[in-house]
Amino acid sequence: MRRWLIAFTIILTGLWPFPAYPLPPEFCFCQATPIWVHTDPPAQHEVALFHRQLDLATSATDVTLAIFADTRYEAYLNGRLIGRGPARFSRQYREYDLLPVGTLSAGSHVLMVRVQWAPNNRRSESERPFLWALLQSSTQTLTASGADWQAQLLTAYRSDAAPIHRWNLIGPTELVDLALLPPDWQINGGTGTWRSAVPVSPSPATFAPRSIPQLVDVPVPVEVIGTGRFDPALIPIEFAGGVETATVPLTVNRQVVLTFLTLDDALTRQLTVNGQSLSWQPAIGRPPGIITAQYPLSAGNHILRLNGLQNKPEGWTIFLSKDGLTNIPLLTFSAHAGRRLLLAPPQPDLQAVSLIGRPLQTVHFQSGGGYLVLDLGRTVHGRLSVEVRGASGSIIDIGWDERLWQNVIPLPFPGPLHPEWNQVDSWRLDGRSHTITTIDTRSGRYILIAVWSSEPVELHNLQVVEERYPVTQIGSFTSNDPLLNRIWQVGVDSLLPNMTDAYTDTPWRERGQWWGDAYVADHINRVVFGDHALRQRGIRQIGDAFTAEGVPAALAPNTGPNRMLDYGMLWVQSIADDLRLTGDSELAREEWPTITRFLNHLASYHNPTTGLLDLPVGPWGQTTYLDSSASNARYGQSTAVNAMYYGTLRAAASIATALGETATAERLERTAVTLRTQINRYLYDQTTRRYITTIIAGQPIPPGPHAQALALTYDVVPDGEVPAVAEALLTLIVRDPTRANLHLYGMFWVLQGLSKAGRIQEALALIKQFYGWQLAQGATTWWEHLFADQYWFASQSHSWSGSPTWFLSTVIMGARQTGATSWEVVPAWQGVSTASGNIPLTSGLLSVTWEQPDCTLRRVTVQAPTGTQGSIWLPPPTASTIVTLNGAEIWSVTYRDPVIAQDSNGRLQITISHGGTYTIEQRQTCTNIWLPIIQR
């Protein structure tokens with residue numbers, strides 16, 4: 001039975017599902033009640049605070065807080081943060097957190113939980129806001145959420161705050177009035193009135209303990225790269241939304257020409273002065289979409305009017321020149337802070353902001369406000385926290401983005417450059433000292449802090465932390481080529497912000513658990529961190545989102561219309577990988593019924609004439625994706641799709657074999673053999689010795705790189721045709737990154753295909769060309785695709801782009817995990833003259849160092865952990881070859897030690913039966929060149 005189903009589900013009105021082990025048997029979440037502040041339909045964004053005072057007569061030991069909330073929570077005990085969560089969840093299956101508290105002494109204690117209702121389309125399938133909690137010791141329940149808890153809505157947070165993404169991918173921005181949030185709210189609450197918490201009844205769901213560890217906060221170095229003011233000649237004016245008309249009175253003391261600055265929008269055309277329309281022009285030197293107008297005014301009183309705001313609930317922002325104005329309007333606290341940061345013209349000024357101490361001990365903003373730009377060095381998924389103090393009514397905006405506009409300032413609300421996007425949070429100060437941060441995480445490489453104040457404002461102890469999965473970098477790679485070493489590490493840096501409570505596609509724009517992204521990310525994880533839990537949790541979440549008919553889920557939670565067949569096939573391959581790497585069949589057994597339904601669904605696409613998958617033309621979200629540049633290969637009888645299908649059938653056969661489903665395994669293998677034959681019959685052009693891209697409605701589409709790459713990767717190509725297909729792949733790839741017909745996701749299959757064909761040098765050349773080019777453009781994490789610098793909505797930190805890290809460790813260094821306790825080392829012996837590093841195994845590190853100073857000597861040293869066994873592979877010998885193991889001869893023209901054998905390709909295999917350190921030398925005269933081939 002599915003591990004997720006350990007919990008009992010109670011489908012009774014007013015009752016809550018029982019939780020799963022490991023709660024002690026005498027405790028049960030049925031003692032707790034889901035609670036909220038009210039039973040009314042929630043606003044689009046609500047933040048609530050829950051309070052429970054504990055008066056303990058004696059100390060309590062081994063105290064644990066079991067907790068879940070929709071959508072997220074922060075738990076504080078006696079003012080100390082003890083944990084955040086929960087992990088992303090679906091409507092049917094949810095995991096509660098178990099936060100260790102330790103020992104509570106006798107006396108009074110305050111448990112405070114802040115809960116944010118922030119439904120989004122990538123990390124939660126939310127229904128209604130609620131908190132569900134149980135605090136227990138080793139002997140008793142200390143408190144359980146219920147009507148005896150106190151609650152209040154934190155009205156400091158605007159419920160109508162603009163979303164970060166208009167598709168609701170992430171959640172709302174956080175706009176906070178600090179006058180309504182005391183500095184010690186973690187102990188005493190907000191300024192609202194406490195009331196008894198209200199029991200609520202969410203739809204029943206199956207609960208289980210969290211299957212992955214809690215995320216951790218890792219401090220990030222911060223560099224100040226810019227300070228300045230926003231043009232002091234202009235002032236922002238915020239119009240409240242949701243009304244038909246808004247007016248602002250203007251009084252000028254002399255004849256002036258007012259300058260207006262705003263966004264090009266239909267609403268802007270309804271802005272009038274004294275009933276007169278304005279003539280708008282593009283603003284010179286500003287981001288696209290910013291327009292300006294001028295209007296002459298005589299001394300006296302005038303009316304600025306904006307109609308049509310009933311259709312703009314977030315309001316509207318303009319900037320207005322203040323020359324001659326005698327009634328400068330106060331800056332209001334609107335529902336959309338991002339437009340201020342986009343519209344305000346930056347003026348770099350080293351004197352506007354004073355920096356005192358390191359690291360950023362004090363930041364002093366002069367009267368009139370200003371801005372500060374921070375560089376985190378790479379894209380980070382985390383939070384900024386800072387102590388702030390300033391005059392009441394002063395406003396601080398903090399925005400994150402991945403790039404700078406004209407190397408000066410980030411645009412966290414980039415207007416028409418990315419019209420759906422706005423990652424700006426805002427705080428209105430109240431004259432007291434507060435520590436400010438966001439409840440949810442933000443992401444980007446650059447942070448813009450803007451202060452709007454007529455008086456000085458000070459920030460203290462500014463810190464940025466990255467919230468990420470708690471892994472330690474174990475793997476490493478070093479060669480004599482510094483560029484390759486740098487490329488390897490940037491792949492790690494690109495993965496870290498995309499390992500949170502799932503493998504995510506990008507921390508900045510979306511944070512979705514798409515399985516194509518996860519598939520590549522997991523391969524990088526294997527050579528760097530060695531974690532299995534994140535892959536296993538993701539496999540379960542994706543599997544749960546398949547339909548009863550076997551239609552796959554491309555991502556989960558919130559699959560929506562995204563039902564991509566290639567991502568479903570990679571999901572099957574990930575299950576086969578998990579079974580091979582862990583030796584544990586539990587997960588595969590759980591998912592086997594879903595695999596079977598999916599394979600039946602795939603079979604429904606068979607062309608009755610050719611037996612190939614024949615996909616209808618349609619949106620990639622409902623067919624296949626393959627690569628950002630593979631649009632021609634996604635439909636019809638595609639070589640790439642059918643090659644992946646062949647690999648999926650074989651992966652499913654290996655799973656069936658491990659589960660004892662022998663007859664099914666044999667049937668799947670037969671189907672795979674037939675499919676391979678049909679691919680080569682219908683899709684391989686014997687004349688050009690290339691695979692065509694696809695056949696759509698009977699019309700062949702000419703060969704492209706993806707067809708060759710996936711055919712090589714999945715061993716579809718007949719042995720005698722491998723050199724020709726590899727050459728075709730290399731010929732078809734456009735090498736100019738600015739005109740690329742191969743992008744960074746598809747690079748995974750290109751590198752794998754070339755390595756299987758023995759074209760290692762050419763694979764390294766591609767890596768240097770495409771990834772070295774990104775580094776030359778200033779990349780510190782890998783882009784979504786090679787055109788990401790041309791589109792503001794394209795991510796510059798994408799987990800699917802890091803395949804060179806996997807390639808350099810497994811192909812160049814040659815270290816591979818082959819089973820739960822087994823490994824192999826197959827050095828490339830080309831491309832570089834030395835390579836060394838580690839990969840993680842379940843029981844420790846596999847360390848490899850090899851060098852080839854000249855053609856007479858190859859030396860490899862392997863250190864393997866105790867309890868493992870493996871093989872070290874050498875190129876085919878010549879008549880002069882002598883091989884030694886730890887100094888003892890094991891191969892020569894006259895001697896063969898039993899520890900070494902030769903396979904059908906002539907390669908030498910040295911079998912290592914237990915852990916230890918082994919140095920192998922292969923000496924010979926310079927008579928041959930060997931190109932390694934990764935075996936099936």
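Position 1 is the first residue of the sequence, and the numbers go up from there. All figures in this text were calculated on a predicted structure; none of them were measured in a lab.
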### Query
Do the two ring centres, one from His418 and one from Tyr791, sit under 6.0 Å apart?
no

### Task
Ignoring hydrogens and angles, tell me if any N or O in the side chain of Glu784 forms a donor-acceptor pair with the backbone of Ser795 under 3.5 Å.
yes

### Task
Would you give the length of the straight line joining atom CZ of Arg114 to atom CG of Leu81, rounded to the nearest 0.5 angstrom?
9.5 Å

### Query
For the rings on His51 and Trp194, is their centre-to-centre separation under 6.0 Å?
yes

### Task
Identify whether the distance between the nearest side-chain nitrogen and carboxylate oxygen of Asp440 and Arg123 falls below 4.0 Å.
yes

### Pairs meeting criterion side-chain hydrogen bond (donor to acceptor under 3.5 Å, both in side chains) with involvement of residues 279-288, two or more places apart
none

### Query
What is the minimum heavy-atom distance between Pro236 and Leu331, and which atoms define it?
CG-CD1, 3.7 Å

#### Entry: Positive for side chain to side chain contact (heavy atoms under 4.5 Å, CB included) with Leu355, one of Leu462, Leu360, Thr362
Leu360

#### Entry: Test: Glu314 and Arg166 ion pair at under 4.0 Å
yes

### Task
Verify the ring-centre separation between Phe230 and Tyr371: is it less than 6.0 angstrom?
yes

### Message
Once rounded to the nearest 0.5 Å, what's the spacing between atom CG of Leu267 and atom CG of Leu309?
### Response
5.5 Å

### Exercise: identify the closest heavy-atom pair between Gly444 and Leu376
O-CD1, 3.7 Å

### Flag, side chain of Ser126 to backbone of Arg128, donor-acceptor distance under 3.5 Å
no

### Which atom of Ala151 lies closest to which atom of Val37, heavy atoms considered
CB-CG2, 4.0 Å

#### Entry: Check against salt bridge (Lys or Arg N to Asp or Glu O under 4.0 Å), Glu458 and Arg389
CA-CA 6 Å; Glu458 281 197 351; Arg389 183 161 190 168; over 6 Å; no

### Task
Would you please indicate yes or no on a ring centroid separation below 6.0 angstrom for Tyr76 and Trp185?
yes

### Message
When you measure from the side chain of Asp430 to the backbone of Asp177, do you find a donor-acceptor pair of N or O atoms at a distance under 3.5 Å?
### Response
no

### Query
Are the side chain of Thr292 and the backbone N or O of Ala283 linked by a donor-acceptor pair below 3.5 Å?
no

### Query
If only atom types and distance count, is the side chain of Ser124 paired as donor or acceptor with the main-chain N or O of Thr71 below 3.5 Å?
no

### Query
Which residue pairs pass the side-chain hydrogen bond (donor to acceptor under 3.5 Å, both in side chains) test when at least one of the two sits in residues 396-406, sequence neighbours left out?
Arg340-Asp397, Thr379-Glu402, Asp397-Ser426, Asp397-Trp452, Asp401-Trp508, Asp401-Trp792

### Task
Check whether any side-chain heavy atom of Pro183 sits under 4.5 Å from a side-chain heavy atom of Thr435, and report yes or no.
no

### Task
Applying side chain to side chain donor-acceptor pair (under 3.5 Å), name anything that partners Thr332, two or more places apart in sequence or on another chain.
none

### Query
Is the distance between the ring centroids of Trp421 and Trp167 less than 6.0 Å?
no

### Message
Parallel, tilted or perpendicular, judged at 30° and 60°: which one describes the rings of Phe413 and His336?
### Response
perpendicular

### Query
Within a strict 4.5 Å, meaning less than it, do heavy atoms of the Trp36 and Val198 side chains meet?
no

### Task
Indicate yes or no for a side-chain donor-acceptor contact from Asn498 to the backbone of Thr506 under 3.5 Å, with no hydrogens or angles considered.
yes

